Amino acid sequence: MQMEQTEDYTIDLERIIKSRTGRNKVPRWVVGAANRFLHVDYINGFLGQGYEGIEFCRRCMEYMNVTIHTEGLEELKDKLPSDAGVTFVSNHPLGGVDGVALTGIIGSSFDREVRLLVNDFLMSVKGLAPMCVPVNKMGAQSRSLPEMMEGVYSGRNNLLIFPAGACSRVIDGKIQDRKWNKSFIRYSRDYNRWIVPVHFFGRNSRHFYRIDRLCRLLHLKFNLPMFYLPDELYRARGGSYRVVFGDPMPPEFFDESRGCAQWADYVRDIVYKLE
């Protein structure tokens with residue numbers, strides 16, 4: 001759905017900086033430099049069009065001239081049950097394009113609602129927000145998180161999650177996810193949901209991984225690479241990516257022979273074996 005052109009959908013970086021720092025005035029050169037670094041004008045060129053939901057995802061890929069090639073998707077449609085929810089679990093190589101692209105593909109390919117588990121700061125992207133379930137493991141929301149997860153997993157919706165919780169890094173010489181969170185196994189098993197492994201083929205720039213390596217060498221707790229993701233999104237323009245959907249796994253497959261953490265590792269291995 002497209003809304004009337006409105007500034008409410010765009011990013012006002014000066015206002016954000018003021019609210020975060022508590023200052024009434026911010027030097028113009030600071031705002032200008034931040035806008036250029038984060039490519040705010042380019043991003044607002046799309047956000048200002050006011051698209052929402054699946055249309056937001058589809059139009060975003062068109063705006064960026066990104067091509068997605070899918071494999072196994074048509075076969076998957078005949079294998080999934082009509083009376084149970086489905087949890088799509090994917091690696092997270094890019095931290096931007098992969099989330100938008102997969103949400104759009106899953107949302108437009110199946111006749112059911114799609115939800116995306118995200119970090120709560122992404123709720124500021126109003127066009128994407130209607131499909132998102134914000135997760136903030138810190139603060140007040142942590143107390144209501146179990147109830148929120150129950151509401152998401154107990155429905156007949158399609159749910160897309162990135163169990164790593166962050167985009168891929170260089171680990172043991174390979175670009176791959178960190179260890180996956182086990183909760184998707186527990187919730188999918190408890191609420192009788194099928195699990196579909198998804199492999200998104202892609203990588204960020206060498207510069208991104210250098211920054212991440214430097215932060216680890218300096219033992220910085222501040223997540224500096226996250227602030228480079230808008231630049232990586234900008235660099236992804238005109239890109240072509242491949243996505244492979246694996247065979248769905250019924251909830252009874254994840255029996256008590258292994259713990260949830262072991263099953264999460266198992267599914268992660270399956271994802272990276274999809275070629």
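None of the values given here were measured: they were computed from a predicted structure. For reference, positions follow the sequence shown, starting with 1.
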(message) Between Leu47 and Val125, does the side-chain contact (heavy atoms from CB on, under 4.5 Å) criterion hold? Intermediate values first, please.
(response) CA-CA 8 Å; Leu47 296 181; Val125 182; 4.1 Å; yes

(request) Might you work through the side-chain contact (heavy atoms from CB on, under 4.5 Å) test for Asp212 and Val170, ending with a clear yes or no? (result) CA-CA 9 Å; Asp212 177 65; Val170 177; 5.9 Å; no

(message) Using side-chain contact (heavy atoms from CB on, under 4.5 Å), reason through Phe184 and Met149 one step at a time and then give a plain yes or no.
(response) CA-CA 10 Å; Phe184 77 95; Met149 291 298 98; over 6 Å; no

(message) Before you tell me yes or no, could you show the steps for Tyr228 and Phe208 under ring-ring contact (aromatic ring centres under 6.0 Å, His included), namely the whole-Å CA-CA distance, both residues' side-chain angles and the distance that decides it to 0.1 Å?
(response) CA-CA 7 Å; Tyr228 281 82; Phe208 177 84; 7.5 Å; no

(request) Kindly indicate, with the supporting measurements, whether the criterion side-chain contact (heavy atoms from CB on, under 4.5 Å) is fulfilled by Val244 and Val198. (result) CA-CA 6 Å; Val244 179; Val198 182; over 6 Å; no

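Both Val40 and Met226 are members of a single hydrophobic cluster when ILVMFWY side chains are connected at heavy-atom separations under 4.5 Å. In the hydrophobic cluster analysis, where Ile, Leu, Val, Met, Phe, Trp and Tyr join through side-chain heavy atoms closer than 4.5 angstrom, Phe201 is grouped apart from Tyr272. Both Leu38 and Trp29 belong to a single network of hydrophobic side chains, linked directly or stepwise wherever heavy atoms of I, L, V, M, F, W or Y lie under 4.5 Å apart. Transitive grouping of hydrophobic side chains (ILVMFWY, heavy atoms separated by less than 4.5 Å) keeps Phe227 and Leu214 in distinct clusters.
Looking at every heavy atom in both residues, Pro248 comes nearest to Val196 through CB-CG2, 3.9 Å. Residues Ile54 and Gly107 come closest through the heavy atom pair CD1-CA, 3.5 Å. Arg258 approaches Tyr266 most closely through the heavy-atom pair NH1-CD1, 3.2 Å. Shown here for Ala264 and Lys182, the closest heavy-atom pair between the two residues is CB-CA, 3.9 Å. Of all heavy-atom pairs spanning Gly95 and Leu229, the tightest one is O-CD1, 4.0 Å. The nearest pair of heavy atoms linking Leu274 to His199 is O-ND1, 3.1 Å.
To the nearest 0.5 Å, atoms CD1 (Ile161) and OG (Ser183) are separated by 6.0 Å. Taken from OG1 in Thr103 to CE in Met131, the straight-line distance is 5.5 Å, to the nearest 0.5 Å. Expressed to the nearest 0.5 Å, how far CD1 of Ile195 lies from CG of Asp247 amounts to 14.0 Å. Atoms OG and CZ, on Ser108 and Arg58 in that order, are 9.0 Å from each other to the nearest 0.5 Å. Expressed to the nearest 0.5 Å, how far CZ of Arg28 lies from CG of Asn35 amounts to 10.5 Å. Distance check: Asp98 CG to Leu233 CG gives 10.0 Å after rounding to the nearest 0.5 Å.
In this structure, the side chain of Arg189 engages the main chain of Phe254 through a donor-acceptor pair within 3.5 Å. Between the Arg268 side chain and the Ala164 main chain, no donor and acceptor come within less than 3.5 Å of each other. Between the side chain of Arg193 and the backbone N or O of Asn157, at least one donor-acceptor pair lies under 3.5 Å. At distances below 3.5 Å, not a single donor-acceptor pair connects side-chain atoms of Glu55 with backbone N or O atoms of Glu52.
Each of Leu160, Val97, Leu116, Ile68 was scored for a side chain to side chain contact (heavy atoms under 4.5 Å, CB included) with Leu102, with one residue passing: Leu160. When Tyr51, Phe56, Phe46 are each tested for a ring pair (Phe, Tyr, Trp, His ring centres under 6.0 Å) with Tyr63, only one passes: Phe46.
At least one side-chain heavy atom of Val267 sits less than 4.5 Å from a side-chain heavy atom of Val89. Val118 has its side chain out of reach of Val133: every pair of non-hydrogen atoms, C-beta onward, lies at least 4.5 Å apart. Under the 4.5 Å side-chain criterion, counting only non-hydrogen atoms from C-beta, Ser188 is not in contact with Pro251. The shortest distance between side-chain heavy atoms of Ile175 and Tyr209 falls below 4.5 Å. Contact annotation: the side chain of Leu128 approaches that of Cys57 to within less than 4.5 Å [non-hydrogen atoms, C-beta and beyond]. The shortest side-chain heavy-atom distance between Phe88 and Leu159 does not fall under the 4.5 Å cut-off. Side-chain atoms of Cys260 and Arg186, non-hydrogen and from C-beta on, do get closer than 4.5 Å to each other. Here the side chains of Leu94 and Tyr241 are in contact, with some heavy-atom distance below 4.5 Å.
Between the side chains of His92 and Asp177, no donor-acceptor pair of N or O atoms lies under 3.5 Å. Side-chain contact check for Gln176 and Arg169: no donor-acceptor pair (N or O, by modelled atom type) lies under 3.5 Å. Between the side chains of Tyr9 and Gln49, no donor-acceptor pair is found at a separation under 3.5 Å.
Checked for salt-bridge contact, Lys79 and Glu75 miss the test: no charged N lies under 4.0 Å from a carboxylate O. The pair Asp265-Lys179 meets the salt-bridge criterion, with a side-chain N (NZ, NE, NH1 or NH2) lying under 4.0 Å from an Asp/Glu carboxylate O. Taking the charged nitrogens against the carboxylate oxygens, Arg235 and Asp231 do have a contact shorter than 4.0 Å, which makes a salt bridge. Comment: Glu71 engages Arg242 in a salt bridge, judged by a side-chain N to carboxylate O separation of less than 4.0 angstrom.
Counting heavy atoms of neighbouring residues, nucleotides and ligands inside a 6.0 Å radius, atom NZ of Lys77 exceeds 12 of them. Within a 6.0 Å sphere centred on CG of Asn223, other residues, nucleotides and ligands contribute more than 12 heavy atoms.
Taking the six-membered ring where the residue is Trp, the centroids of Tyr191 and Tyr153 are separated by 6.0 Å or more. Taking the ring centroids of Trp180 and Phe162, they lie at or beyond the 6.0 Å cut-off.
Judged by a 6.0 Å distance limit and a 45° cone about the ring axis, Arg237 is positioned over the six-membered ring of Tyr234.
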